[in-house]
Novice: 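Submitted below is the structure of interest, expressed as structure tokens.
Any value given below was found using the heavy atoms of this structure, including those in side chains, with hydrogens, waters and symmetry copies removed. Throughout, protein chains are lettered first and strands after them, A, B, ... in sequence-line order, and every chain is numbered starting at 1.
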Amino acid sequence: MNHDTDHPDTHASQPQAAGWTFEIPPRLRFLDEDGRLADGATPPLPDDRVRDLYAHMSRARIFDDRLLKLQRQGRIGTFAPCFGQEACQVGSMAALTSDDWFVPAFREAAAALYRGASMKAILLYAMGFEEGQAVPRGVRDLPVAIPIGSQIAHAVGLAWAMKRKKDKGIAICFFGDGATSEGVTHESINFAAVLRIPTIFFCQNNQWAISTPRRIQTASETIAQKAIAHGIRGIQVDGNDVLAVYAATKEAADIARSTGMSTLIEGITFRRGVHTTADDPRVYRTQEEEDAWVKRDPIDRVRKYLEARGSWSAEDQATLESRVNAETQTAMAEAEAFRDAKPDALLMFDHAYAQMDPYLARQRQEAEDALEGRSVLQTISKRIGKTGSSSVVGELEEAE
Amino acid sequence: MTAINQSAAPSTEPMKTERITMVQAINRALDEEMARDPSIILLGEDIGVDGGVFRVTQGLQAKYGNDRVVDTPLTEAGIVGVGIGLAIGGMRPVCEIQFSGFMNYCFEQIQPHASRFRQRTCGSQTVPMVVRAPSGGGIRALEHHSESEEVMYVHTPGLVVLMPSGPRTAYGLLKAALRSPDPVIFFEPKSIYRAIKEDVPIGGGALPIGKAEVAQQGTDVTVVTWGAMLKRTREALADLKDVSVEIVDLLTLNPLDHDAIIASVKKTGRLVVIHEAPRTAGLAGEIYARVCEDAFYHLRAPMTRVCGWDVPFPLLAREAAYLPDKQRIAAAILKVMQD
């Protein structure tokens, strides 16, 4: 029995699929590993914009590196470095505007910084202060989402709300290769496809979900091809080529805005660092693999491209590093000053509900009485400088 | 030790023991049971090559192979749902969920299915599965890595819910879980994973499910607690030399050892319950209810409880303001003594 014959309108009756061919095109790439532009390619951005993207990527890298040192010194808690994934994050953000919603997972500091999040806020969150997650009102950024894949549904809801309000914005969400195994990922993509909700699903395929390599995460040849089954566009880009990420996201955004069609972008990249600061990749992957990705580094690549075009100098580099180092130091000084000013230890009561009920208010008073005269704000231990025994800070401190 | 020896095979030889942490004790229980029962299969995220993020399963994949210690795709609901099928199909799955905060994804499988298969099929199809997860706070972890969700599972009839309080009970209770005919939720209080060393048997037996232990005899006040709060309670008692406290360590949270709780309260006439989970609808409320029903006239003072507050678990900087600490525990004990 031929279902198409029985139901000749099956496909035509699905407007979201009409006119689209669902194939995964060849992986998009403008710059090779040495920063050389592909033959015949026209750069999607002028050099002054590329300089700006390079500066943002470098800023994120320097900050990330500083966070790692601070964590090893016991001055901030566990965090998930974005080391190596800067092109995916900065390239995609550069293709969107502040009218679009940004929905991160938990490894998107480079994207958040590009969007305007302050280094101080990121540091406060890493130090365990809720204030670091207080997204300024009106800013279309969600805070980090740790349960894997959970945030993808929120992006669809945000995009839907904008569609309902005839707002021109779209939503982009980030997730990793691991998240493609979670049910909610597929539930969300399907939802967006069926209701034609303009969402960009950006999978940073960084090859590793903690210790689980991509090859045993999914039997699919690509992650992009999962889009075909859902009836949305799927593309693969070289996630370490910021120009390719920009171009792919820009096209996905243009299509989303004009047609409502969503796109799943698979950015091929590599988590060069640890999963979180308590992870030890030496247990599960080889030095050779890590070395191979050093050559493909997204930041080196774009700097070589700019240098070859006479658009970046050693002096530019020194100025940039000096500026970002100073910014990072100031941010940490501000964050530690915030901590040292002894913020209210019981803030947790104040934002649990719009209005505190009397019994909760009574508990707050009980807590105040119980803690009176005692300093209970926790800072991080000095004894957490090694990796590999747990995925969370502090456990080693409990251990002998 | 007594309980373990009771349930182990009768022997005149003294049980060999080794002084180890809870991580090592859980690893040993898994190892010994896997050697005994070839139907046991471990599945979870990062449990094989990595040995689990807390290294609880370290070395087991090398010893038993990657078809018995399986690094799964990243899907908590899938791990438990597939585990249900494995269990009905004659295997004995041990599902590791990396943190109990991620078990919410599994609840759709645990509540409608794992907890109910026995009843739905009049006992013809059962789910002898263990779901292990680190739970509780106290380690300055990331968001969603510190909650105590035990009451959600206690409130799901058909499940056995266990929470050890140290290496010895972790070993004995996990052995019991791996022999249980019913699905077991096994919460591992992560703040004491490496904080306590105890003598743990080598080749020992199971502790009984449904039995609390009197961790300390006393006559003035009964403290009922479980998990990491046992250690915290002991710390509080170091400053309370004048009060004779009896500590009931529940170990099994469902089914509760009703008789042990009632017997102790009848003996002391005073009750303090300590738990990390939020106060409202926490397990302390159920314990209060049972004491009111069966030991009301033995009470010499109003009961009290020291719990987490009724708010979402805070980030690490404020964690110590949320968790019961030794000062709050000591104050509660003194309060019931004065009332």
Novice: Are the side chain of A/Glu131 and the backbone N or O of A/Ala121 linked by a donor-acceptor pair below 3.5 Å?
Specialist: no
Novice: With only heavy atoms counted, which part of A/Ile148 is less than 4.5 Å from chain B, the side chain, the backbone, both or neither?
Specialist: both
Novice: For the residue pair B/Asp71 / A/Thr212, report whether a side-chain donor-acceptor contact shorter than 3.5 Å exists.
Specialist: no
Novice: Is it the backbone or the side chain of A/Thr180 that comes under 4.5 Å from a heavy atom of chain B, or both, or neither?
Specialist: neither
Novice: Non-hydrogen atoms of chain B under 4.5 Å away: do they reach the side chain of A/Asp177, the backbone, both or neither?
Specialist: neither
Novice: Indicate yes or no for a side-chain donor-acceptor contact from B/Gln109 to the backbone of B/Ala114 under 3.5 Å, with no hydrogens or angles considered.
Specialist: no
Novice: Between A/Glu289 and A/Thr286, is there a side-chain donor-acceptor contact under 3.5 Å, judged purely by atom types and distance?
Specialist: no
Novice: Tell me, side chain or backbone of A/Met348 under 4.5 Å from chain B's heavy atoms, or both, or neither?
Specialist: both
Novice: What part of A/Phe106 is in contact with chain B, defined as an atom under 4.5 angstrom from a non-hydrogen atom: side chain, backbone, both or neither?
Specialist: neither
Novice: Is it the side chain or the backbone of B/Asn104 that comes within 4.5 Å of chain A heavy atoms, both, or neither?
Specialist: neither
Novice: Less than 4.5 Å to any heavy atom of chain A: does that hold for the side chain of B/Glu76, its backbone, both, or neither?
Specialist: both
Novice: Quick check for you: among A/Gly178, A/Ala179, A/Pro147, which has the greatest number of heavy-atom pairs under 4.5 Å with chain B?
Specialist: A/Pro147
Novice: Could you tell me which of A/Thr185, A/Asp369, A/Asp344 has the largest number of non-hydrogen atom pairs under 4.5 Å with chain B?
Specialist: A/Asp344
Novice: Determine the option with the most heavy-atom pairs under 4.5 angstrom with chain A, choosing from B/Glu319, B/Gln58, B/Arg279.
Specialist: B/Arg279
Novice: Do the rings of B/Phe102 and B/His145 sit parallel, tilted or perpendicular, given the 30° and 60° boundaries?
Specialist: perpendicular
Novice: Specify whether A/His230 and A/His186 have parallel, tilted or perpendicular ring planes, treating 30° as the upper limit for parallel and 60° as the lower limit for perpendicular.
Specialist: parallel
Novice: Where does A/Gln133 contact chain B at under 4.5 Å (heavy atoms): side chain, backbone, both or neither?
Specialist: side chain
Novice: A/Glu366, A/His351, A/Arg364, A/Gln363: which one forms the most heavy-atom pairs within less than 4.5 Å of chain B?
Specialist: A/Gln363
Novice: B/Tyr105 versus chain A, heavy atoms under 4.5 Å apart: side chain, backbone, both or neither?
Specialist: side chain
Novice: Would you say the ring centers of A/Phe79 and A/Tyr125 fall short of 6.0 Å from each other?
Specialist: no
Novice: Is it true that the side chains of B/Tyr171 and B/Asn27 contain a donor and an acceptor less than 3.5 Å apart?
Specialist: no
Novice: Please determine, by modelled atom types, if A/Ser220 and A/Lys226 share a side-chain donor-acceptor pair under 3.5 angstrom.
Specialist: yes
Novice: Under a 4.5 Å heavy-atom cut-off, does chain B meet the side chain of A/Ala80, its backbone, both or neither?
Specialist: neither
Novice: Counting heavy-atom pairs under 4.5 Å with chain A, which one of B/Gln327, B/His144, B/Arg328 comes out on top?
Specialist: B/Gln327
Novice: Assess, by modelled atom type and distance only, whether the side chains of A/Asn205 and A/Glu266 contain a donor and an acceptor separated by less than 3.5 Å.
Specialist: yes
Novice: Side chains of A/Thr269 and A/Gln204: any donor to acceptor distance under 3.5 Å?
Specialist: no
Novice: Checking A/Gln207 side chain against A/Arg214 main chain: does a donor-acceptor pair fall under 3.5 Å?
Specialist: no
Novice: A/Ala345, A/Ala370, A/Ala352: which one forms the most heavy-atom pairs within less than 4.5 Å of chain B?
Specialist: A/Ala345
Novice: Counting only heavy atoms closer than 4.5 Å, note whether A/Leu377 contacts chain B via side chain, backbone, both or neither.
Specialist: both
Novice: Let me know if A/Arg374 has heavy atoms under 4.5 Å from chain B in its side chain, its backbone, both or neither.
Specialist: side chain
Novice: Among A/Glu130, A/Met127, A/Gln217, which residue has the highest count of heavy-atom pairs closer than 4.5 Å to chain B?
Specialist: A/Glu130
